[in-house]
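First the structure, in the form of structure tokens, and then the observations on it.
Whatever order the structure lists them in is the order used to number ligands and atoms, beginning at 1.
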Amino acid sequence: MQDTLTYKILRDHLISGSLIPGEEITIKINQTLTQDSTGTMVYLQLEAMDVDRIQTELSVAYIDHNTLQTGFENADDHAFIKSVAMRHGILFSKPGNGICHQLHLENFGIPGKTLLGSDSHTPTGGGLGMIAIGAGGLDVALAMAQGTYSFTVPQVIGIKLIGKLNPWVSAKDVILYILQQLTVKGGVGKIVEYFGDGVNSLSVTDRATITNMGAELGATTSVFPSDDNTRAFLASQGREQDYRPLSADADAIYDQVFEVDLSTLTPMAAMPHSPDNVASVADIGSIAIDQVAIGSCTNSSYTDLMKVANILKDKKVHKNVSLVISPGSSKILSKMAKNGALAHMINAGARVIECACGPCIGMGQSPKSEGVSLRTFNRNFKGRSGTMDADVYLVSPETAAVSAIYGVLTDGRQKGLSLEPIKDETFPSNDHYIVYPEGTNKENTSVVMGPNIKPFPLNTPLDKQVNGSVVLVAGDNITTDDIMPSNAHLLPYRSNIPYLSNYCFATIDSEFPDRCREAGAGIIIGGNNYGQGSSREHAALVPLYLGIRFVVAKSFARIHRSNLINSGIIPLIFENPEDYKEFKLNQKLVIENAQVQIENPIVLVKNQVTGKEYKTLTNFSELEIDIIRAGGKINMIKGENA
Ligand code: MIC
Ligand code: SF4
């Protein structure tokens, strides 16, 4: 058949459409996951859909982002999510259990199954041979309600791994190298599939580090074969029965092939402020550091943290460095408490914090002013750490740990330290953090709503004429952290769009919200890869609340484009990217005859003063046209059910 693994799994789940790149397909979704910072919107939307029981085989609501609880807001959100989970048959993972992606890998992921998650790093599940896709909350709510997901068939990039990694070089360096080569837009419209002999040398958690950060390539997802290492991982979690071998056909045809010789890689770092701004640690040199943060869904596995503990054993964290460690799961923390690894960390002078996202999303541990922080995380966008002028470098756990000892960015290979091999372990199952919805249902459980939970905004059906003023001209690679910043102050308001609207684009243009209010109807002009990063649909719902009608950009990131469409905001692409230069603040633009134009491959955007028309590309599927016409997906569903 010459089939890629990607197409084999997609074909197994295909409900409608053809597996041809660019075509829209609908697939069956076996599992979903949500986390709390996107979860409140998901569950408000699920309630709005008026379903009884979910249609997936398994759905889990994790609490891992907003665990600081500086006021009642986070705890109210947790109670709300739990109440909806119990009503619909969804498992609830309590705060403290760990980070959703690590937990899903350990407890629920199954090779060959599909997973849709309201978090952009859902592709972590690809390390187990799943097709695991990140999506906006509304798409995940729909997947729970209907058991399906529709999307455009991506191309498949085959990354052939050969050779074996050398000591002090690890999975993080592999994906940093790939990011250096392919950039943060290199994976847009693509699925990245790994194959070749080098795959065998990587454990499931190594693979999961790589698929996790495939999100930073902009890829729809990334996937590894399921093999003996997969069986061993599942067995270590007491789930060997979930194993099934999976791989591409030997003569599989990829749309593009890229080879990486693992034996040639060296320790790498992504420099401020983008995950693709990558250089080797040796080339960057021994810059002084103030903070080291180890953890996040990228690098908080048992093996990663054991490597860190072994490096720290009998050593001392440098006097100028604050070392923070957040383990990925309660199982990992419990194991390290038993085997003494935790003591090595504490004795070295580390600050061990809760099993949660924590500093990765700016929930505490912000570096000092102009501080330099080395992090094992996946994103180093400006300001994401909570300190606008901090410099964040992304590195592997090995590089982070050895650098914490020396106080400067350090290539571990040059220090003559030996690395102890990590013994395989088994993990006794502990589901004491999981609340099962047994015995509960819609009739006997009510929704618990705290005062900070406000209704989400709804658009109106597409007008004949869509007009507004340009309220922002943004550059390339605008992230969803730019559009709707997240930090310890703002995350408690993820269920309160009116409050969040005061901070939209706050780090780029503090006058943006007022300008939108004054304009009444606004238009955003964007550069390349507009909306990269997180899956937060707040980056569409907040602009909707502020009156944004359409966005014209050179190109869009996948999840954000879908979130805009789901909110009824029209994403248009410049046919001629040079036109971008002609747009200025406060220009009045219009799409005339919008209801008809929207069906065409080209929509004309007219400057109302000069009369000049600009050609923009739509690339909309039939479903997307219907959603935009209805003024968003919820309106479309309501219309269908009326
Ligand atoms: C992130 O890493 O940016 C987040 C926070 O996990 C987001 C989700 C969110 O914004 O709540 C993501 O990656 O989708
Ligand atoms: Fe959490 Fe960070 Fe992973 Fe997002 S990237 S899910 S904030 S650990």
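For Phe427 and Tyr302, the ring centers sit closer than 6.0 Å to each other. Aromatic rings from His101 and Tyr62 are positioned such that their centres are separated by 6.0 Å or more.
Distance CD1/Ile159 to OH/Tyr194: 4.0 Å, rounded to 0.5 Å. Rounded to the nearest 0.5 angstrom, Met271 CE and Asn380 CG are separated by 10.0 Å.
Judged by the shortest distance from any of its heavy atoms, Arg384 lies inside the 4.0 Å radius around the atoms of ligand 2.
If you look at ligand 1, the protein residues with a non-hydrogen atom under 4.0 Å away are Gln35, Ser37, Thr38, His65, Asp119, Ser120, His121, Ile361, Arg379, Arg384, Arg494, Ser534, Ser535, Arg536.
Close approach of ligand 2 to Asp119 is summarised as follows: ligand atoms under 4.0 Å from at least one heavy atom of the residue are 6 (S).
Judged by distance alone, the side chain of Asn74 and the main-chain N or O of Gln69 form a donor-acceptor pair under 3.5 Å.
For Lys633 and Glu537, the salt-bridge test fails: no basic side-chain N is under 4.0 Å from an acidic carboxylate O. A salt bridge is defined here as a Lys NZ or Arg NE, NH1 or NH2 lying under 4.0 Å from an Asp or Glu carboxylate O, and Asp304 with Lys172 fails to meet this definition. A salt bridge does not link Asp389 with Lys382: none of the charged nitrogens is closer than 4.0 Å to a carboxylate oxygen.
Around atom 2 (Fe) of ligand 2, the protein N, O or S atoms found under 2.8 Å comprise Cys360 SG.
Counting all heavy atoms, side chain and backbone alike, Asn378 lies closest to Pro275 at O-CG, 3.7 Å.
Here the options are Gln102, Glu106, Gln237, the test is side-chain hydrogen bond (donor to acceptor under 3.5 Å, both in side chains), and the partner is Lys331; only Gln237 passes.
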